[in-house]
Amino acid sequence: MKITDGKVFVCSPGRNFVTLKLYTDEGIYGLGDATLNGREMAVVAYLEEHVIPCLIGRDPFQIEDIWQYLYKGAYWRRGPVTMSAIAAVDMALWDIKGKALNTPVYNLLGGPSRYGVMVYGHASGGDIEEVVDEVGRYLEMGYKAVRAQCGIPGLPTTYGVGRGKLFYEPAEKGLPPEHIWSTEKYLNFIPKLFQRLRDVYGDDVHLLHDVHHRLTPIEAARLGKELEPYHLFWLEDPVPAELQESFRWIRQHTTTPLAVGEVFNSIYDAHLLITEQLIDYLRTSVLRGGGITHMRKVAALAELYHVRTGFHGATDLSPITMAAALHFDLWVPNFGIQEYMRHTPETDEVFPHTYYFQDGYLHPGDAPGLGVDFNEELAARYPYERAYLPVNRKEDGTMFNW
Ligand code: EZ4
Ligand code: CO
C-alpha cells in the first residue's frame, strides 16, 4: 500500500478544527486531528508545506518509521506545532492500518483491558449553589466523576466557568479577551466549594478541580493541603509546568493527587515529573503528545513510576482525537480517567463516530480503525474563524504569567 495524497481541512462547526486526511492507492483513507487552539493555521502550513510532500509514496504500514522520520528528520524537534502535525499523521496511519486489517485500533495496541473508559464531565457555575446543581445534573446523567469550577466572588469572569451548560467553549472569536485574576480571592474561596460539594453529595463521587496553571508552588501546596479533607480525585495544573522541579515543593506538602500535562508535547516535558513520582496523572493526549506512537512510550514510562493516564479531552480536541484517545484508554494498562467535554451536535455531525457514552463510561465502538469519519461537504459550510483563549491580568493590570 502507498500513500498517494494528503489534504488538510479547516472548519468551524461551533469552534475551529484542523483535520488531516491521508489517501492510499487501495482506496482506504485515514483521518488525523491537527487542531491547536488559537494557533490553528500554523499547523496547517506545517502539514501542507513541510510534511505531506514527504509522505507521498510511503508505505502507511510503516507507522514507527514515519514517526521517527518526521520527528528526527526535521532537525527542529518538539514544540506544539510540530508535535500536533506529527500526531495528526500518526492518528491517520493507525486509522488506515485498522481499516486495512479490519480491526479497531485498540486491538492493534494489545486489546481491551477494561469494559469501558471512565470519564469526567465539566460542572461549573457562577456561585457555589449553581455548581452544586450542575454536579447533580452530571450525576443524574450517570457520570462517576465530575470536575467542578466556580466563579470567584469579586472577579468578573473565571476561566473554566462555562457560558453554556452542557456545551461550552473556552476560545472566543476575534482577538483574545482579557480576564482579571486574583490569587488571594481564588485561594480563600475554593476550599469552601469542595466542602459544600462533599456535604451535599457524600464521599463516593470522584471530584476534580483544574487550577489552569495559576499558582506558584507554595500557593499550590497550600491549596492541596486545604483540599485534603475533601479527597479530590485530582488537582490539575496547579502551576505552569515548564519547570518540572517545581512540583517537588507541592509534593512535599500535600497528599492531594496531582494531574498535569495537557500542554506537554513530548516525554521530555514529563520525564522528571514521572521518574521522581511527583505527579499521579499525566494529561497529555494523543494530539498534543505526537500521536499514539509516542504516547505509548510515555505511558510505559509512567507505568513504571505509578503514574496513570488522564488524557485531555476538551472541545478543542476533535472527535478524531477523542476516538484515538478512547482506543488508547481501553487498552493502556495504567489508565486513570479520561476528560469528556461534549462537542456540540454541529461538531458531531461533521465528525460522525462510533464512540458512545453509557453509565459514566465511554466506549470507542468496534468499527475498524478509529471509528470516526469526516463529512467534507458539511464541514465546508463552517469556514474558519480566528479565535483565541483569554489572556489574564492581575487586578492592577499586570500581565499574569500562566
Ligand atoms: O484550557 O482545552 O482541562 N481542560 C482544560 C481546557 C483547556 C483548553 C485549552 O485549549 O484546561 O479547557
Ligand atoms: Co486543564
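Not measured: the values here are computed from a predicted model. All ligand and atom numbering here is 1-based and tracks the order in the structure.
Residue-level proximity to ligand 1 for T315 is absent, since no heavy atom of it falls below 4.0 angstrom.
Within the listing of ligand 1, atoms 2 (O), 6 (C) sit less than 4.0 angstrom from a heavy atom of A314. Remark: ligand 1 atoms within the under-4.0 Å shell around heavy atoms of R283 are 3 (O), 4 (N). Taking every heavy atom of D316 and a limit of under 4.0 angstrom, the matching atoms of ligand 1 come to 2 (O), 8 (C), 9 (C), 10 (O). Contact atoms of ligand 1 toward H212: 5 (C), 11 (O) (distance under 4.0 Å to a heavy atom of the residue). With ligand atoms numbered from 1 in the order given, ligand 1 contributes 3 (O), 4 (N), 5 (C), 11 (O) to contacts under 4.0 Å with heavy atoms of D210. Close approach of ligand 1 to N37 (heavy-atom distance below 4.0 Å) involves ligand atoms 9 (C), 10 (O). When each atom of ligand 1 is checked for a heavy atom of E236 under 4.0 Å away, the hits are 3 (O). The atoms of ligand 1 that sit less than 4.0 Å from any heavy atom of E339 are 3 (O), 4 (N).
R308 places no side-chain N or O within donor-acceptor distance of the main-chain N or O of A302, the cut-off being under 3.5 Å. The backbone N or O of P104 lies less than 3.5 Å from no partner atom in the side chain of N107, so there is not a single donor-acceptor pair.
Side-chain contact between I63 and D90: present, with at least one pair of heavy atoms (C-beta onward) separated by less than 4.5 Å.
Outside the 6.0 Å centre-distance limit, the rings of Y361 and Y115 are not counted as a close aromatic pair. For F351 and H353, the gap between ring centers reaches or exceeds 6.0 Å.
Distances between N or O atoms of Y120 and those of ligand 1 include no value under 3.5 Å.
Around the Co ion (ligand 2), the protein atoms of type N, O or S that sit closer than 2.8 Å are D210 OD2, E236 OE2, E262 OE1.
Evaluation of the ring-ring contact (aromatic ring centres under 6.0 Å, His included) test over residues 35-66, restricted to residues two or more places apart or in two chains, returns none.
A cation-pi contact, defined as under 6.0 Å to the ring centre and within 45° of the axis, links R58 to Y69. Stacking of R15 on the aromatic ring of F17 is recorded, both the 6.0 Å distance cut-off and the 45° axial limit being met. Note that R342 lies in the cation-pi zone of F357, set by a 6.0 Å cut-off to the ring centre and a 45° limit from the axis.
A salt bridge is absent between E64 and K97: the closest approach of a Lys/Arg side-chain nitrogen to an acidic carboxylate oxygen does not fall below 4.0 angstrom. Between K99 and D95, at least one side-chain N (NZ, or NE/NH1/NH2) sits under 4.0 Å from a carboxylate O, which counts as a salt bridge.
For R147, the heavy-atom gap to ligand 1 drops under 4.0 angstrom.
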